[in-house]
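Take this structure, written in structure tokens, and hold onto it; I'll ask about it next.
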There are 2 protein chains.
Amino acid sequence: MEEPKAFTKHDHAGCARAAMRHAEVAAAEHGLRLTPVRRRTLEILLEEHRALGAYEVLERLAASGFGTQPPVAYRALDFLVEHGLAHRIRRLNAFAACAQPGTAHAPAFFICESCDHVAEAPAKEVRAALDGAAEAIGFAIARSSIEAVGQCPTCRSNP
Amino acid sequence: MEEPKAFTKHDHAGCARAAMRHAEVAAAEHGLRLTPVRRRTLEILLEEHRALGAYEVLERLAASGFGTQPPVAYRALDFLVEHGLAHRIRRLNAFAACAQPGTAHAPAFFICESCDHVAEAPAKEVRAALDGAAEAIGFAIARSSIEAVGQCPTCRSNP
DNA sequence: TCCGTATTGTTATAACATCACATTTGAGTT
DNA sequence: AACTCAAATGTGATGTTATAACAATACGGA
């Protein structure tokens with residue numbers, strides 16, 4: 001798995017384009033319908049490596065000519081999350097585009113309190129440890145969330 | 001650290017009493033004020049190994065003669081969380097009494113979808129792995145949450 | 001083309017959380 | 001005992017996040 005890009009300078013336009021392209025391919029392959037609202041929702045999330053609240057997404061969808069009511073945003077967001085194209089960040093009650101689409105993953109999220117960027121990092125060891133803890137008590141994990149709040153490398157060095 | 005009790009039969013009255021006693025001692029030691037609302041709030045959370053929404057807590061506080069407005073519950077809950085007597089379960093937007101009060105901990109939570117019980121389990125290895133992942137990307141963790149949803153041992157065997 | 005399902009739109013409302021400000025309580029002082 | 005200041009509580013109003021319910025529409029397959 002790659003290094004997370006959220007906290008480092010990178011060709012973001014390309015990064016977003018690649019994610020969009022991945023979504024299209026995945027949709028085609030799995031018979032999903034990447035409809036206009038859904039596509040636009042993903043575009044909106046891909047604009048930045050931040051998590052956006054549903055209402056923030058909704059505003060922009062409305063501005064783009066889609067419906068103006070909460071379910072419009074929630075449905076599109078739920079679709080993206082369900083198909084691994086976005087993640088829900090529980091700590092923020094918000095959503096972020098998936099930064100490593102395609103790679104089988106259940107990442108950990110690192111949320112910078114200073115710049116609001118959210119990075120998705122490989123969490124194989126963390127998952128393994130969590131699975132171990134679950135096994136120890138006989139618990140069967142269906143899904144889990146691992147989220148950390150703190151300071152990203154950039155904000156740490158520019159206080 | 002002990003085995004989590006949430007998923008296993010145990011002397012819950014004693015379990016709650018012990019937690020309450022711990023809170024009293026901790027309050028005395030640290031000069032905290034375990035006022036009536038706060039005490040009652042903790043009692044409410046201790047009734048079950050479940051997470052309760054703030055409004056659920058509020059209802060019961062009101063029934064006990066305390067204020068009827070949201071801040072009443074939120075303030076008491078925030079106090080308990082701040083001092084390690086309760087935890088906030090982000091995934092549920094709810095609160096649960098701390099089941100291992102006193103032991104320095106940053107536990108993982110296991111939430112049973114069937115019976116709603118929430119167990120707090122030691123997560124030393126999980127934290128270590130998370131710290132490792134953070135270090136790898138230069139992120140400084142301030143706080144983090146590790147939560148898993150699934151089936152507890154009891155519900156697994158009684159489908 | 002027709003049918004049934006998935007998707008979208010809209011209204012309404014539920015659930016969760018905080019702000020602002022008045023009032024009371026309590027510990028430490030005079 | 002009265003005084004003072006800070007902490008804690010109560011309350012009304014409001015902000016934010018999320019879902020229910022149902023009508024209208026679009027879409028893919030028979």
Side-chain angles (χ1 to χ4, degrees), chain A residues 23 27-42 44-45 50-83 85-96 111 116 145 147, chain B residues 23 27-42 44-45 50-83 85-96 111 116 118 145 147 149:
Chain A
E29 277 177 358
H30 298 89
L32 310 177
R33 294 173 54 192
L34 192 59
T35 62
V37 222
R38 292 169 176 174
R39 180 179 233 289
R40 182 78 191 101
T41 301
L42 182 53
I44 290 167
L45 292 183
R50 273 180 55 213
L52 276 69
Y55 282 74
E56 211 172 334
V57 170
L58 177 58
E59 255 181 47
R60 306 208 200 177
L61 285 176
S64 303
F66 297 99
T68 61
Q69 301 305 313
V72 169
Y74 280 101
R75 285 196 284 236
L77 290 165
D78 288 346
F79 171 88
L80 295 175
V81 169
E82 196 171 334
H83 296 98
L85 302 172
H87 299 287
R88 186 168 199 151
I89 313 296
R90 322 281 330 186
R91 211 151 173 129
L92 302 177
N93 292 322
F95 300 82
I111 304 161
D116 278 353
S145 41
E147 300 174 357
Chain B
E29 278 178 358
H30 299 87
L32 310 177
R33 294 173 56 191
L34 192 58
T35 62
V37 222
R38 291 168 176 174
R39 181 179 233 288
R40 181 77 192 103
T41 301
L42 182 53
I44 290 168
L45 292 183
R50 275 179 52 213
L52 276 70
Y55 279 71
E56 212 171 335
V57 170
L58 177 59
E59 256 180 47
R60 308 210 199 174
L61 286 176
S64 302
F66 297 99
T68 61
Q69 301 304 313
V72 169
Y74 280 102
R75 285 196 284 234
L77 290 166
D78 288 347
F79 171 88
L80 296 175
V81 169
E82 196 171 334
H83 296 97
L85 301 172
H87 298 287
R88 186 168 199 150
I89 313 296
R90 324 267 351 174
R91 215 156 168 125
L92 303 176
N93 292 323
F95 301 82
I111 304 161
D116 277 353
V118 174
S145 42
E147 300 175 355
V149 177

Can you name the nearest heavy-atom pair linking B/R88 to B/V81, along with the distance?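 Looks like N-CG2, 4.2 Å.
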A/L45 versus A/L77: any side-chain heavy-atom pair under 4.5 Å?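 Side chain of A/L45 against side chain of A/L77, heavy atoms only: contact under 4.5 Å found.
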Enumerate the residue pairs fulfilling ring-ring contact (aromatic ring centres under 6.0 Å, His included) with a member in residues 55-82 of chain B, sequence neighbours excluded, ordered by first and then second residue.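 Counting only pairs at least two positions apart or across chains, the ring-ring contact (aromatic ring centres under 6.0 Å, His included) contacts touching residues 55-82 of chain B are B/F79-B/H83.
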Could you check A/N93 against B/P36 and say which one's nearest nucleotide on DNA chain D is further toward the 5' end?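 Its nucleotide being nearer the 5' end, the pick is B/P36.
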Could you tell me if the side chain of B/L52 sits less than 4.5 Å from the side chain of B/R60, heavy atoms only?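 Yes, close enough: below the 4.5 Å cut-off.
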Could you tell me if B/S145 and B/R90 have a donor-acceptor pair between their side chains, going purely by distance under 3.5 Å?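 No donor-acceptor contact under 3.5 Å links the two side chains.
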Opening and closing nucleotides of DNA chain D in contact with chain A, under 4.0 Å to non-hydrogen atoms: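 Extent of the interface on DNA chain D: D/dT17 to D/dC27.
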Any residue in residues 71-79 of chain B with a heavy atom nearer than 4.0 angstrom to DNA chain C? Just list them by number, or reply none.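 Output list: B/P71, B/Y74.
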Toward the 5' end of DNA chain C, by each residue's nearest nucleotide, B/R33 or B/A94: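 So the residue in question is B/A94.
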Protein-nucleotide distance (A/R90, atom CZ; C/dA15, atom P), rounded to Å: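 Result: 17 Å.
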Considering all heavy atoms of both residues, which atom of B/L61 and which atom of B/R40 are nearest to each other, and what is their separation?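 Closest heavy-atom pair between B/L61 and B/R40: CD2-CG, 3.7 Å.
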Can you name the residues that form a salt bridge (charged side-chain N to carboxylate O under 4.0 Å, His left out) with A/R38, not counting sequence neighbours?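 Result, salt bridge (charged side-chain N to carboxylate O under 4.0 Å, His left out) vs A/R38: none returned.
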Measure across A/A62 and A/T68 and return the closest heavy-atom pair with its distance rounded to 0.1 Å.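 Shortest heavy-atom contact: CB-CG2, 4.0 Å.
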Kindly state which residues belonging to residues 51-67 of chain B come within less than 4.0 angstrom of DNA chain D, counting heavy atoms of the residue only, listed by number.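 Result for residues 51-67 of chain B: B/G67, sorted by number.
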Output the rounded distance in Å from CG (B/L92) to C1' (C/dA15).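 For the pair B/L92 CG and C/dA15 C1', the rounded distance is 13 Å.
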Distance check: side-chain N/O of A/R38 vs OP1/OP2 of C/dT8, anything under 4.0 Å?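 Answer yes for this pair, as a side-chain N or O of A/R38 is under 4.0 Å from OP1 or OP2.
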Shortest non-hydrogen contact from A/G67 to A/V72?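 It is CA-CG2, 3.8 Å.
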What pairs with B/R91 under salt bridge (charged side-chain N to carboxylate O under 4.0 Å, His left out), at least two apart in sequence or on another chain?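 Listed in chain order: nothing, the list is empty.
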For B/A73 against B/A54, the heavy-atom pair lying closest together: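 Taking B/A73 first and B/A54 second, the nearest heavy atoms are CB-O, 3.5 Å.
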